[in-house]
K.L.:
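Let me give you the structure first, and then I'll get to my questions.
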Protein chains: 2
Amino acid sequence: MKEVRTIVLSKSVFEENDKEADALRLYLKDKGVFLVNVMSSPGAGKTTTLISVIKELSKFYRVGIMEADIDSDVDAVKVAKETGCKSIQLHTGGMCHLDAGMTTQGLTELGLDDVDIVFLENVGNLVCPAEYDTGAHLDMMILSVPEGDDKPLKYPLIFQKCELVLINKIDTLPYFNFSLDKVKQNISYRNEKSFVIPISAKLGDGIDEVVDYFKTKIQNIKTK
Amino acid sequence: MKEVRTIVLSKSVFEENDKEADALRLYLKDKGVFLVNVMSSPGAGKTTTLISVIKELSKFYRVGIMEADIDSDVDAVKVAKETGCKSIQLHTGGMCHLDAGMTTQGLTELGLDDVDIVFLENVGNLVCPAEYDTGAHLDMMILSVPEGDDKPLKYPLIFQKCELVLINKIDTLPYFNFSLDKVKQNISYRNEKSFVIPISAKLGDGIDEVVDYFKTKIQNIKTK
């Protein structure tokens, strides 16, 4: 099995996170690297979704991934093993979110010369990660069917912030009281420009559409 | 439908949360009121579980509930309507957790003269709520089957802190790769004294055991 490095992050010394995030975004654009901040509740399926997406996407582009967790390195090891992509583990030292400084530390360790797109798997949490700009070009989230279609009403900021929302575990729709129409309405209520893709990371449903979405985004950053 | 008050909480002015939490715990004990802090991920089934438990428990004891959310009052309205118990909504103003000061504000609004047990439904989040002592006599959490049996490895503090862990949505075990034995091992690894009860809040499985657990706790606080 591929060795996976674990980086223990220290808190950013910069007070002005937003400026630092803008600077990081610009730097990455110059390098031609597209950064995606992936957020969700614990257990919504971030890792499984990313594995499915990266397996396809890495046929076309060089992919890197940073797995942030409070503890453990189960995700980084799993992704590296299953996709063969460049992967590091970030430990947040108990912190509930990542900011631009912490993201920069991770990217520096990962190395940017041989990647076209980097996924940052944020800490599983619908509250705090939404409050900090990581410097990503795209904020996305994964909401899973078992969590319920009312989540956009209860966690406003993350749904306002995310441009892409994947509805995962749609294979379990028959077992839960969850309406795709209702959740789309609730998401649109928070951000009417959100793009919603229903998927089953486990069965592969919808993954092609997600891969096409990222291919367009990477092409855009490379040509602009 | 019963009217439900919404309280917008302000941040505690007390620096020393732990001392304030200890003082609140003692005060509640003197009043004979048992306070339970209920934590989980978004969508793990806190509200549905509490409704099932309160319906039974309120045959024996006077129950109050405080529903904390960043926004919306869907939970407080639902619980009040379905159980008839005393219920208020707490808005955290974007904050990801409750501390002892905020809990005290909520209890003051709820009123303590006509309750034996109060459930505090904390913000759906496995990280931040675990870091703040609310003054509760019992910290409990609900982990649901769709979230995965590895969660105690990834969110250490909340599992260390909780004396009672309910494993919810066990009716969906056939559809997820989740082992009850493995999750019990992982919970015990974080806190070997944790008491684990598998339940299905939807179907009512395991609820009697949870109710008996709380009956014993209330009797203890009333007689000691």
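In what follows, every heavy atom counts, from backbone to side chain, and hydrogens, waters and symmetry copies are set aside. Chain letters run A, B, ... following the sequence lines, proteins first and then strands; every chain starts at 1.
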K.L.:
Just to be sure I understand the criterion: a residue of residues 34-44 of chain B counts if one of its heavy atoms is under 4.5 Å from a heavy atom of chain A. Which ones qualify?
P.N.:
B:Ser41, B:Pro42, B:Gly43

K.L.:
Would you list the pairs meeting ring-ring contact (aromatic ring centres under 6.0 Å, His included) in which at least one residue belongs to residues 142-191 of chain A, sequence neighbours left out?
P.N.:
A:Tyr175-B:Tyr175

K.L.:
If you measure from CG on B:Asp150 to NZ on A:Lys78, what distance do you get to the nearest 0.5 Å?
P.N.:
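Those atoms lie 7.5 Å apart.
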
K.L.:
Under 4.5 Å, heavy atom to heavy atom, which residues of residues 117-128 of chain A contact chain B?
P.N.:
A:Val123, A:Gly124, A:Asn125, A:Leu126, A:Val127, A:Cys128

K.L.:
May I ask you to name which of B:Ala130, B:Gly148, B:Pro156 has the most heavy-atom pairs under 4.5 Å with chain A?
P.N.:
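Max contact count across the listed options: B:Pro156.
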
K.L.:
Let me confirm one number: the SG-CD distance from B:Cys96 to A:Glu131, rounded to the nearest 0.5 Å.
P.N.:
6.5 Å

K.L.:
For A:Lys19, enumerate each residue passing the salt bridge (Lys or Arg N to Asp or Glu O under 4.0 Å) test, keeping only those at least two apart in sequence or located in another chain.
P.N.:
A:Glu16

K.L.:
Examine whether an atom of A:Pro146 lies under 4.5 Å from a heavy atom of chain B, and if so say whether it belongs to the side chain, the backbone or both; otherwise answer neither.
P.N.:
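Interface part for A:Pro146: both.
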
